[in-house]
Engineer: 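The structure is given below, and queries will be raised subsequently.
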Amino acid sequence: MPTHTMQTHLHARTQTKREDAEHFLSGSHQIPSASDHQPPLSAWYPKKLCEFLIQCELNFHDRPQAFQSDTQKVGFALSFLKGITLTWFEPNLLDAIPGADPAWANDYSEFVIKLTTNFGPHDPVGDAEHQLNNLSMKDGSHINKYIVEFNHLTTQVHGYREGALCHMFYNGLPDHIKDEIACIGKPPHLVDLCTMAQGINAHYWECKSEIAHQAKTNPQSSSSSKQSSSGESSSRQSGNSSGTTSSSSAGKKPQQPSPSSSKPS
C-alpha cells in the first residue's frame, strides 16, 4: 500500500474513533464547546485537580442550558484532560461497547470520584494539616497570598478551635509583623488578627515604597550624604591617629645623658 494511502486510511480510522467516542459520551446531544477559560488537566497535581473541578462547576453554572445532563458535564470535563489523566479514561473512550457504558459516563458525581481517587491526594485532611503546620509567609512577600493559602487549608481540616488557628497563623508571620503585633497586643479572634496583620504589612510596604521613591528622585543627595559621612569618618580617624601620636610623644620622658659622657676628660 502506498505511503499516502496508508496515512489517509489511518487518519480515517482515527477520525472514526474520535466520532464514536464523542457519540458515546454525549449520546444524541452535542458536547458543548470548550470555554477558553477552562484550564486543561494534564498531570497528577492534587491542588490543580481541585482548581480544575471548581472551573468545571463555574462553567456549569454559567451555562445551565448547555449542561442539562450529567453526560454533557462528563463530556465537557473529559475534553480538557491531557497526558496521564486522559490515558486513564482512554480505553473506555476508544473501545466503547454500545449498552455497556461505565457508570461514570452518565454520572458526573461518579466521574469526579474516579478522578479524585486516581489523581487526588491519598489523605486530603492529613495533607492539609501538614501544609498548615508548615505554612509560613516569606519576609519579602505580601500577606494576601499567605492569608488565602491559610484560609484554604483551614477549610480542609477539622477539630481546630479558633485559639489554635490564631496561634498557627501568628507563627507563620515574619518577624517584622510579629514585633508590631507584640507591641500592640494580639487579638483573640482570627479575623481581627488577620486584619491587624494586613494593616501592618500594608504600612511596611508603604515605607518601602517611599524609601525607594526618595532614592530614585534624589540620587545625588543620597550619594553626597554618603560621601560627607565617609569624609567625616576619615577625618575622625586621622584626628584620632594624630592625637594618639602626639600623646605618645608627649608622654615620653627626655633621655638623660649617661654618667660616662658627663665626666671631664
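One is the number of the first residue; the rest follow in order along the sequence. Being a predicted model, the structure only gives us computed values, none of them experimental.
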Engineer: With His167, which residues qualify under ring pair (Phe, Tyr, Trp, His ring centres under 6.0 Å), at least two apart?
Structural biologist: none
Engineer: On a heavy-atom basis, which atom in Tyr108 and which in Ala77 lie closest, and how many Å separate them?
Structural biologist: CE1-CB, 4.4 Å
Engineer: Ring pair (Phe, Tyr, Trp, His ring centres under 6.0 Å) with Phe150: which residues, sequence neighbours excluded?
Structural biologist: Phe169
Engineer: Counting only heavy atoms not in Lys208 (residues, nucleotides, ligands), do more than 12 fall under 6.0 Å from its NZ?
Structural biologist: no
Engineer: Taking the six-membered ring of Phe111 (Phe, Tyr or Trp), confirm whether the NZ or CZ of Lys73 is under 6.0 Å from its centre and within 45° of its axis.
Structural biologist: no
Engineer: Linking I/L/V/M/F/W/Y whenever any side-chain heavy atoms sit under 4.5 Å apart, do Ile84 and Leu53 land together?
Structural biologist: yes
Engineer: Enter the distance from Asn201:CG to Leu173:CG here, rounded to the nearest 0.5 Å.
Structural biologist: 9.0 Å
Engineer: Taking a hydrophobic cluster as the set of Ile, Leu, Val, Met, Phe, Trp and Tyr residues connected by side-chain heavy atoms closer than 4.5 Å, whether directly or through intermediates, do Val74 and Leu58 fall within one such cluster?
Structural biologist: no
Engineer: Step by step, would you call Asp70 with Asn106 a side-chain contact (heavy atoms from CB on, under 4.5 Å)?
Structural biologist: CA-CA 6 Å; Asp70 280 12; Asn106 302 309; 5.8 Å; no
Engineer: Working to the nearest 0.5 angstrom, can you tell me the gap between Ile184 CD1 and Asp179 CG?
Structural biologist: 11.0 Å
Engineer: List the atom of Asn133, the atom of Met168, and the distance in Å for their closest heavy-atom pair.
Structural biologist: OD1-CE, 3.1 Å
Engineer: What's the separation between atom CG in Asn92 and atom NZ in Lys114, rounded to the nearest 0.5 Å?
Structural biologist: 9.0 Å
Engineer: Any donor and acceptor pair, going by atom type alone, linking the side chain of Gln68 with main-chain N or O of Gln65 inside 3.5 Å?
Structural biologist: yes
Engineer: Residues in ring pair (Phe, Tyr, Trp, His ring centres under 6.0 Å) with His203, at least two apart?
Structural biologist: none
Engineer: Mind listing the closest non-hydrogen atom pair of Tyr170 and Lys178 along with its distance?
Structural biologist: O-CE, 3.0 Å
Engineer: Restricting to side-chain contact (heavy atoms from CB on, under 4.5 Å), what partner residues turn up for Val157, sequence neighbours left out?
Structural biologist: Ala128, Glu129, Leu132, Tyr160
Engineer: Could you tell me the separation between the CZ atom of Arg161 and the CG atom of Leu190, rounded to the nearest 0.5 Å?
Structural biologist: 15.5 Å
Engineer: Any side-chain heavy-atom pair from Leu193 and Ile181 closer than 4.5 angstrom?
Structural biologist: yes
Engineer: Between CZ of Phe52 and CZ of Phe80, what distance do you get to the nearest 0.5 Å?
Structural biologist: 7.5 Å
Engineer: Going by side-chain contact (heavy atoms from CB on, under 4.5 Å), name the residues that satisfy it together with Asn151, two or more places apart in sequence or in a different chain.
Structural biologist: Ile147, Thr154
Engineer: In sequence, state the C-alpha distance, the side-chain angles, and the governing distance for Trp88 and Phe119, and then conclude on side-chain contact (heavy atoms from CB on, under 4.5 Å).
Structural biologist: CA-CA 10 Å; Trp88 194 92; Phe119 303 102; 3.7 Å; yes
Engineer: Got Cys166 and Lys186 here, is their nearest side-chain heavy-atom distance under 4.5 Å?
Structural biologist: no
Engineer: Taking all non-hydrogen atoms of both residues into account, name the closest pair between Met196 and Pro187 and its distance.
Structural biologist: CE-CD, 3.7 Å
Engineer: Are Phe60 and Cys56 side-chain neighbours, meaning at least one heavy-atom pair lies under 4.5 Å?
Structural biologist: yes
Engineer: What I'd like to find out is whether the side chain of Leu49 reaches to under 4.5 Å of the side chain of Thr85, using heavy atoms alone.
Structural biologist: no
Engineer: Could you please spell out the steps behind the side-chain contact (heavy atoms from CB on, under 4.5 Å) verdict for Trp104 and Leu78?
Structural biologist: CA-CA 11 Å; Trp104 54 262; Leu78 280 170; 3.8 Å; yes
Engineer: I need the Asp127 CG to Leu153 CG distance, nearest 0.5 Å.
Structural biologist: 10.0 Å
Engineer: Show, in sequence, the C-alpha distance, side-chain angles and deciding distance for Ile143 and Ile200, and conclude whether the side-chain contact (heavy atoms from CB on, under 4.5 Å) test is met.
Structural biologist: CA-CA 10 Å; Ile143 198 171; Ile200 294 172; over 6 Å; no
Engineer: Please list all pairs meeting ring-ring contact (aromatic ring centres under 6.0 Å, His included) that have one or both residues in residues 175-198, counting only residues at least two apart or in different chains.
Structural biologist: His176-Tyr204
Engineer: List the atom of Gly83, the atom of Thr87, and the distance in Å for their closest heavy-atom pair.
Structural biologist: O-OG1, 2.8 Å
